[in-house]
A.B. asks: 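Got a structure here, written out as structure tokens. Questions coming.
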Amino acid sequence: MIIIRVALDVPVDSLFDYIAPDATQLNIGSLVRVPFGKRFMIGIIMAIANDAQVPHEKLKQAEVIWQDVPPLPATLIELFEFCSRYYHHPIGMVIMNGLPTRLRSSKLLPQRASAPSLFRLTDAGRAIAPSSIPARNKIKHRLLAQLKEAGSISSKEAKQISLRAAGTLQEFLLQGWVEKVLIEPESALNTSSPLQLTAEQITAINAIRAEIGLFNTWLLHGVTGSGKTEVYLQVTAMLLKQNRQVLILVPEINLTPQLEAVFRARFPATYLVSLHSRLSPVERMHGWLQAQRGEAGIVLGTRLAIFTPLPKLGLIIVDEEHDHSFKQQDGLRYSARDVAIFRAKQTDIPIILGSATPSLESYYNAITGRYRRLCLRIRAVKNATLPVIRYINTRAIQLKEGLSEPLLLALENCLTQKQQSMIFINRRGYAPVLLCKSCTWLAACSRCSSRLVLHLAQKNLRCHYCGHKEQLPPACPQCGDQDLMPFGHGTQRIEAALAKFFPEARILRVDRDNIRRKEAWQSMLTAIHQQQVDILVGTQLLAKGHYFPNLSFVGVLNADASLYSTDFRAEERLFAQLMQVAGRAGRAGTAGEVLIQTEFPDHPLYHALKHHDYDAHAQMLLKEREITHFPPYSYQALLNAEAPHIDVAIEFLTTATKLIEPVKQIEIFDPVPAQMARLKGLERAHLLIQSSSRKKLQLFLSDWYIKLCKIPNRKVRWALDVDPLEF
DNA sequence: AGCACGCCGACT
DNA sequence: GTCGGCGTGCTC
């Protein structure tokens with residue numbers, strides 16, 4: 001009897017044994033449908049054995065092995081196993097987290113989608129007179145017409161004519177009217193770039209190319225506008241020429257279309273697949289399968305794309321590596337950047353981490369020699385200099401609707417000179433607080449320990465943490481006073497204020513509320529580029545990776561919020577954000593100016609920012625981290641617990657600490673309520689574990705995790721977060 | 001995670 | 001007498 005050991009999507013850290021289905025090819029990594037309890041599930045064959053590890057009477061027979069999906073490659077399974085070990089998460093759940101949902105559903109066999117192929121008109125096809133085809137056969141006529149005009153048609157173009165065109169093309173193929181042409185890998189090394197490369201870019205490209213077949217973590221540290229993308233493109237070109245695949249990770253869905261367009265334009269003959277959570281399940285599955293078959297030369301996606309099978313992988317690029325959205329915050333709490341580094345090492349290929357403001361972890365690794373840093377200090381665009389940064393002390397000055405006189409003046413200047421300007425405020429909605437003038441009431445979320453944000457346009461109050469919405473009350477629910485006062489400023493309020501101050505200006509607000517619709521952001525970008533906008537008002541969405549050629553002024557409001565935060569990474573994040581925002585100004589020949597309204601203009605962060613001195617600031621933060629013994633000078637793990645009542649969560653954590661025998665080099669902190677103590681109706685607490693040795697921490701966690709699973713677990717949901725970013 | 005089994009309170 | 005609350009425990 002042959003036994004297969006199967007990983008399933010259940011929160012149990014073990015495999016499940018089944019009798020192999022009769023007379024089928026058995027492969028490790030194959031998808032298999034098995035009976036589990038009362039239902040059926042999809043699992044992965046992890047091992048094949050002669051004997052089961054459970055009594056024989058318990059064994060059931062697996063139903064069917066998916067033949068249409070090739071088995072997961074051994075290296076991908078290894079990657080999953082690493083994640084399971086490192087993040088202490090059941091292997092089955094790790095694997096299922098990495099597979100497209102459509103493959104996990106037990107719906108039967110997915111249709112095969114291939115990379116687009118090219119159909120070229122043959123001489124026989126050219127000789128066909130349109131009149132010989134019945135007029136009612138519209139698809140044939142249109143296909144033939146297009147073929148005669150262009151000489152060839154890709155399956156993708158054919159699809160645009162009609163969804164049934166693929167069948168018609170097959171008919172043409174059988175009749176010998178067209179022939180199938182393989183799309184060639186990048187035939188020539190495409191070095192023609194629109195710009196003259198800077199010396200720094202050339203140095204970086206040559207350094208990476210010189211060791212293209214070896215594992216290396218390259219930290220591409222380049223100021224905004226220094227042309228990091230060009231370095232990615234040049235190295236990618238080299239690998240595509242060698243018929244290797246390139247994986248590119250970007251932090252946000254909003255950034256995929258932009259980078260996708262750049263890569264598509266540079267490598268028109270390479271098949272590019274983009275993978276992110278906004279795709280339909282079928283689209284995602286197809287992209288994944290095309291990558292697995294090696295048909296996709298470039299895979300570009302968000303963090304989930306790190307788990308794509310890529311048989312010919314030759315390079316990984318992580319753009320904006322410092323971005324926190326590479327870390328998944330629930331389920332498998334992995335960092336796609338860190339997993340990417342493991343994967344590069346495993347495959348023995350280079351990985352490029354790109355950023356204008358590297359995470360302190362990466363920066364530290366670079367200066368200690370674990371990573372190799374390549375610096376781009378000069379902006380690649382001719383005549384573009386870094387913007388001048390000035391501060392407005394808001395404690396010494398009167399504000400009008402949250403805006404200072406110098407800032408309004410600068411905006412007016414831009415308007416008269418017909419240049420674009422931008423106001424950055426990291427707060428959506430109209431006002432972050434709504435309070436009653438006569439009593440103490442303020443609008444709070446019933447499910448979270450948060451304030452409700454006033455959204456005046458929609459006349460409602462919203463919780464930005466759980467998404468709860470409620471109608472704006474006409475009067476104070478506590479004392480009945482009708483004088484409810486919005487306090488503080490959000491994007492909507494600033495937009496309204498600017499409209500009042502500059503009635504003739506064209507103002508565009510950009511925040512999450514505004515770009516919900518799929519195409520909204522794209523059309524806004526077009527409007528900005530066509531200079532149909534004078535003043536942009538927006539959140540950090542505006543700061544990330546976009547190029548606004550006519551933008552010469554940036555105003556920053558309310559940046560101080562995170563200056564004296566309890567989160568030890570808040571300052572690092574703020575600095576990165578401000579560098580990014582400042583980098584928007586003055587890129588193409590126009591001198592840029594940045595004005596920051598702050599109560600603490602003397603804060604060291606602002607000093608470093610003024611001189612665009614990332615290194616000075618990073619060195620300063622590193623000193624602090626060293627003294628306080630925080631990452632990168634220590635490694636952390638967080639045990640999170642949530643329960644209907646905080647006491648229960650704390651009690652669970654206290655029990656958890658009691659399971660620990662004192663271990664050298666492992667620091668255990670006291671259980672404390674989380675920053676957002678209440679979220680979505682549950683109360684949360686956590687416990688921090690810290691060690692200067694990653695290895696020691698891992699050993700400890702492995703042992704502890706087993707014990708944690710055995711705690712009789714009433715109503716407490718808990719999870720381990722290794723290398724946590726949020727507390 | 002699901003899903004069943006199981007043991008105590010208010011209903012046709 | 002049963003319907004149903006969700007506490008406990010298992011799934012190969």
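Since the model is a prediction, treat every value here as computed from it, not as a measurement. Scope of the values below: all heavy atoms of this structure, side chains included, with no hydrogens, waters or symmetry mates. In what follows, chains carry the letters A, B, and so on, assigned in the order in which the sequence lines appear, proteins first and then strands, with residues in each chain numbered from 1.
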A.B. asks: Tell me, yes or no, whether the heavy-atom count around A/R451 atom CZ, taken from other residues, nucleotides or ligands under 6.0 Å, exceeds 12.
C.D. replies: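 Open.
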A.B. asks: Hey, could you give me each pair passing salt bridge (Lys or Arg N to Asp or Glu O under 4.0 Å) that has a residue in residues 50-63 of chain A? Not counting sequence neighbours.
C.D. replies: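 Counting only pairs at least two positions apart or across chains, the salt bridge (Lys or Arg N to Asp or Glu O under 4.0 Å) contacts touching residues 50-63 of chain A are A/R33-A/E63.
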A.B. asks: Between C/dC12 atom P and A/M41 atom CE, what is the distance in whole Å?
C.D. replies: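 Taking CE of A/M41 and P of C/dC12, I get 11 Å after rounding.
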A.B. asks: Could you check how far NZ of A/K58 sits from C1' of C/dG9, rounded to whole Å?
C.D. replies: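 Whole-Å distance recorded here is 11 Å.
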A.B. asks: If you take all heavy atoms of A/P671 and A/L687, which pair is closest and at what distance?
C.D. replies: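 Heavy atoms of A/P671 and A/L687 come nearest at N-CD1, 3.7 Å.
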A.B. asks: With heavy atoms under 4.0 Å as the rule, sort A/P35 into base, sugar-phosphate or nothing.
C.D. replies: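 Sugar-phosphate contact only.
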A.B. asks: Mind listing the closest non-hydrogen atom pair of A/Y633 and A/R625 along with its distance?
C.D. replies: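 Answer, listing the atom of A/Y633 first, then A/R625: CD1-C, 3.8 Å.
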A.B. asks: In whole angstrom, what separates A/L15's CG from C/dT11's P?
C.D. replies: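 Distance check: A/L15 CG to C/dT11 P gives 15 Å.
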A.B. asks: Measure from OH on A/Y18 to P on C/dT11 and round the result to the nearest Å.
C.D. replies: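 For the pair A/Y18 OH and C/dT11 P, the rounded distance is 10 Å.
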A.B. asks: Quickly work out the A/D17 CG to C/dC12 P distance and round it to whole Å.
C.D. replies: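 In whole Å, C/dC12 P and A/D17 CG are 11 Å from each other.
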A.B. asks: So with a 6.0 Å cut-off around NZ of A/K345, is the heavy-atom count from everything else above 12?
C.D. replies: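 Counting other residues, nucleotides and ligands, NZ of A/K345 stays at 12 neighbours or fewer.
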A.B. asks: Please produce a list of atom pairs where a protein N or O lies less than 3.5 Å from an N or O of nucleotides 1-4 of chain B.
C.D. replies:
none

A.B. asks: Please identify each residue that fulfils side chain to side chain donor-acceptor pair (under 3.5 Å) with A/R512, with sequence neighbours left out.
C.D. replies: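 Residues passing side chain to side chain donor-acceptor pair (under 3.5 Å) with A/R512: none at all.
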A.B. asks: C/dC12 C1' sits how many Å from A/I19 CD1, rounded?
C.D. replies: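 That distance rounds to 10 Å.
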